[in-house]
J.: 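Can you read through this structure? Questions will come right after.
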Amino acid sequence: MFEGGPVATRTLHVALVGNPNAGKTSVFNALTGARQKVGNYPGVTVERCWGEVELDGRRIRLVDVPGLYSMNPESEDEAVAVQAIRGEVRGEPEPDVIVFVMDGSNLERNLYLFSEVVQLGKPMVVALTMTDLVRKEGHRIRIGRLSEELGVPVVPVVAHKKIGVRRLLQRVQQAPAVGYPLPKESWPSIAARYDWAHRVAAEVLGAAHRGLRRRTTDRLDRWLTHRAVGLLVFFVIFYLVFQSIYTLSQPLMDAIGAGFDWLGAWLGDLFAPVPALRSLLVDGVLAGVGTVLTFLPQILILFFFIGVLEGSGYLARAAFMMDRLLSWCGLNGRAFIPLLSSFACAVPGILATRVMPDRKSRLATMLIAPLMSCSARLPTYMLVIGAVVEPRFGPLWAGAALFGMHLVGLAFAVPIGWLLNRKVLRGRSLPFMMELPPYQMPKWRDVGLAMYLKARTFVQTAGTIIVAMSVVVWALLYFPRSEETVRRLEAEHAALGAQGVSREAFLESGLVQQSYLGRMGSGLERVFGLAGFDWRLSTALLASFPAREVAVSTLGVIFNLGGEVDGESKDLRRALAEARRPDGAPLLTPAVAASFMVFMALCCQCMATLATVRKETGSWRWPVFLFAYMTLLAYGASVAVYQVASRLIG
Amino acid sequence: MADVRQGMSARILAIDPTVPEARRFQEMGLTVGTVFRVLKVAPLGDPIEIELRGFRLVMRKGEARFVRIQALEAADV
C-alpha cells in the first residue's frame, strides 16, 4: 500500500476481450473515440489499438485485443490476443481488469469463450451487447441472473448510442477492489463447457437464445446468397465498389495533384535563386507528399465500402460465395476484396487484407495483390499500344491488347499464390470457418472512424517512408550536375540548330542521361538488352521504380518532349514509333512493345506498395521479398517474351 | 458430413480426433451430440452454411468430412 502511491491514482490497464462479431470494436470506439492509437504488435501483422480515458480523475488505459474464439490459439491473431490477455506482450503491462464483450444474441458461443477467460483469475466485467436487437424481437435477457451465474458484473451496452458506456467504466474502476468470486464450476472438456453455456443461456433468455434474429436475415439471404440472384447482386455491388474507387477518386486525385502543382510552382518561384534546394523541395519532398495524399481518396472510398459491407454483414456473404473460386490457389473467400481493390490500386488493397483473420492467407494475398493490374499502369499501356499496336493492327487488336495486359498479372498471381501457400509461408492453413452474422444497419460512426483511422495511420507510417524514398530517387536523378555539363549541353543544342526541340527539353533529357540513374540505365543496357530495351527504355523503367506512373513522363523527358505528356500524347507516340537504335533498326517493334508492357505488368514499381507492406507486416522482410520476386519475375518474363516474340513477329 | 443436402438436419456422432482441425471444430460448438441444420450450399457448390447453437457458420466440405453425422428426420428435430 505504501509503494507506487495509492491505488486509486495509478493508471488502470484494461483489456477488451471477446468473440469476433461481438461488437467489440463498437464498444472500444464508444469508449475512446478518435483519440485511439493504432499500431502493430511487435513483429507480427496484427493491429493493436489502444486509447486512454479518464473517469473521476483516474486514468484508464484500454487495449482492444483481437477477437478470438478460444484461449487455445490457432492463428497468429489469436496467439497475440491470448498473450495480450495474459500480459505477455513486450512493452505492454498485464491488464488489471478484463472487459469481456458478450454478444447477447449469440450467447452460447460467447459464454464458451467466457468460461475459458474466467479461469485466468482476473477481475472481469461483462459488457453485454446487441441487447437492443434481442428486445426488438420481444425477448429480454435477465441481466441480474446472468451476473449471478457468471459471478461478475454485467453491464448492457448499446455502443453506438453510448448507452451504458459510463456505467461500464464505473464497474471497471470498481472491479480490482471488489474482485469476483471464482467460477463455481470446473469443466473437464469442451463439450462440458458448451453444456454449461447452453444451460446459462437458457436460464437467462429461455429457449429464444437459439432462435434470435432469423426472420430478416432469412428473408435477405434467400436472395442475397441465392444461386443465381445472389451472384448477380454480388457482381452489381462489387462493380459499383470498383467503379467508385476507380472513377470517384479520380477527380479528387486530380484536384490534389493540381493543388500540389500550384504549390510546387509557388515554392519554385520562392526558391528560384537556389536551384538545387528548389529542386529538392519541389521534385523530391513535395512530390513525395503529393504521392502520399493522392492515395487518400482511394483509401477513404474503399474503407467506406468495407465499413458498410462488413458492418451490415454482407462481407461475410460475399466471402461465402467467392470461397470456391479462391480456395484452389490456397486462399479463401475473404481475399476477394483486397484483390479486387488492387485492380484500382494495390495500396488500399493491401490495407484491406485486414478483413482476413488468418495470417497465412493474409500474407499470401498481400504478396500477390500488387500483381493485379492497377490504374497507374494504364497510361504506359495506352502509350505503347497507341504507338505500336493500333497503327499496325487496328483498334480491335489494340483493345484486345489492353484487356490482355490486365490478365497477365492475374495469370501469374494464381500459381504464385499457390506456391506461397504450399512452399514459402510457414504454418499450416487454418480450417476455413467463418461466422455469418445477422444483417444489421451499419453503424455510421464506426464506419467513419475506421476511415479516419486508416487514412491517419497510412499518412503517419507509410507516408513517411514514401517521402523519404521520393527524396532518394530525386537525388539519383538530379546528381551529378555541374555548370560544365549544362554549358556542354547548351552548346550541343545550339549546334543542333532549331529542330523543334526546345532548349529546356534538350537540357532536361541530357541531364537525365548523365544522372546516376541514367548511368545505371546505360550500364544495365546489356542486362535489359536481353529483353529488347535500349538505354532509353531501361532508364524509363529504372526511373519508374518509385512509382510506375512516372514512366510516361520520363519517356517524354528522354524523347526531348519534356515531362508534361500523358499516355494519349500524339507527339510521344510518334516519337516512340519512329525511334531508332544506333544501327538504324526501329526501337519499338511489336516484340519490344510486348516485352516492355509485360515488365510493367509484373514488376513492383511502386514504393507506396512496399511502404504499405512494411507498415502492415511490421518488418522489412516481406517488402524486400515482394520486391525481389516481382522484379525477377518481370525480368524473366519480359526476356522470354522478347526472345520468343522477336523470332515470331519481329 | 461432406455430402449434405440443403435444408437437412443432422446430429454430430463423432469427429476424427487425429486431424488438427478437430479441436477447432469443437471450440466452434460442433461437439458430439450437437444438432445442426444445413441452411445453404454456396452457389459454386462449396462451402456450406449451417446453423447451430443459435448462430450460423460457414465451413468447407473438404474439412467437414472429418465430422461424422447422422441425418435426422423432420420429426426428430
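We name chains A, B, ... by the order of the sequence lines, and we start the count at 1 in each one. Since we're looking at a predicted model, the values are computed, not measured.
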J.: Does A/Lys24 have any salt bridge (charged side-chain N to carboxylate O under 4.0 Å, His left out) partners at least two apart in sequence or in another chain, and if so, which?
T.: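 Scan of A/Lys24 (salt bridge (charged side-chain N to carboxylate O under 4.0 Å, His left out), adjacent residues dropped) gives A/Asp64.
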J.: With B/Arg60, which residues qualify under salt bridge (charged side-chain N to carboxylate O under 4.0 Å, His left out), at least two apart?
T.: A/Asp323
J.: So for A/Ser327, is it side chain, backbone, both, or neither that comes closer than 4.5 Å to the heavy atoms of chain B?
T.: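 Both parts, heavy atoms under 4.5 Å.
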J.: So which part of A/Asp195 gets closer than 4.5 Å to some heavy atom of chain B, the side chain, the backbone, both or neither?
T.: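 For A/Asp195, there is no contact with chain B at all, as no heavy atom is under 4.5 Å.
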J.: Near A/Arg199 CZ, under 6.0 Å, is it more than 12 heavy atoms from other residues, nucleotides or ligands?
T.: yes
J.: When only pairs under 4.5 Å are counted, which of A/Arg109, A/Glu116, A/Met321 shares the most heavy-atom pairs with chain B?
T.: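 Option with the top pair count is A/Arg109.
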J.: Atom CZ in A/Arg324, atom NZ in B/Lys61: separation rounded to 0.5 Å?
T.: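 These two atoms lie 7.5 Å from each other.
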J.: Against chain B, label A/Asn19 side chain, backbone, both or neither, depending on which of its atoms sit under 4.5 Å from a heavy atom there.
T.: neither
J.: Which residue out of B/Met59, B/Arg24, B/Glu49, B/Gln26 racks up the most heavy-atom pairs below 4.5 Å with chain A?
T.: B/Arg24
J.: Do the non-hydrogen side-chain atoms of A/Tyr112 and B/Arg53 ever get within less than 4.5 Å of each other?
T.: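 They are not in side-chain contact.
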J.: Which residue out of A/Asn332, A/Asp221, A/Leu113, A/Thr225 racks up the most heavy-atom pairs below 4.5 Å with chain B?
T.: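 Greatest number of close heavy-atom pairs with chain B: A/Thr225.
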J.: How long is the span from the CE atom in B/Met28 to the CD atom in A/Glu435, to the nearest 0.5 Å?
T.: 6.5 Å
J.: For A/Leu436, is it the side chain, the backbone, both, or neither that has a heavy atom closer than 4.5 Å to a heavy atom of chain B?
T.: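 Both backbone and side chain.
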J.: Against chain B, label A/Phe320 side chain, backbone, both or neither, depending on which of its atoms sit under 4.5 Å from a heavy atom there.
T.: both
J.: Drop me the distance from A/Asn110's CG to B/Phe55's CZ, to the nearest 0.5 angstrom.
T.: 9.5 Å
J.: Would you mind reporting whether A/Glu108 and B/Leu52 have side-chain heavy atoms less than 4.5 Å apart?
T.: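 No, every pair of side-chain atoms sits at 4.5 Å or beyond.
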J.: Mind checking the CE-CD spacing from A/Met71 to B/Glu27? Nearest 0.5 Å is all I need.
T.: 11.5 Å
J.: Answer yes or no: are there more than 12 heavy-atom neighbours, outside A/Arg145 itself, under 6.0 Å from its atom CZ?
T.: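 Enclosed: over 12 neighbouring heavy atoms sit under 6.0 Å from CZ of A/Arg145.
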J.: What part of B/Leu30 gets closer than 4.5 Å to chain A, counting heavy atoms only: side chain, backbone, both or neither?
T.: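 Answer is side chain: those atoms of B/Leu30 sit under 4.5 Å from chain A.
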J.: What distance do B/Arg56 atom CZ and A/Asn106 atom CG have between them, rounded to the nearest 0.5 Å?
T.: 11.0 Å
J.: Rounded to the nearest 0.5 Å, what separation is found between the CZ atom of B/Arg23 and the CD atom of A/Glu74?
T.: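 That separation rounds to 8.0 Å.
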J.: So what's closer than 4.5 Å to chain A heavy atoms on B/Ile48: side chain, backbone, both or neither?
T.: backbone
J.: Quick check: closest heavy atoms across A/Ala191 and B/Thr31, and the distance to 0.1 Å?
T.: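 Looks like CA-CG2, 3.9 Å.
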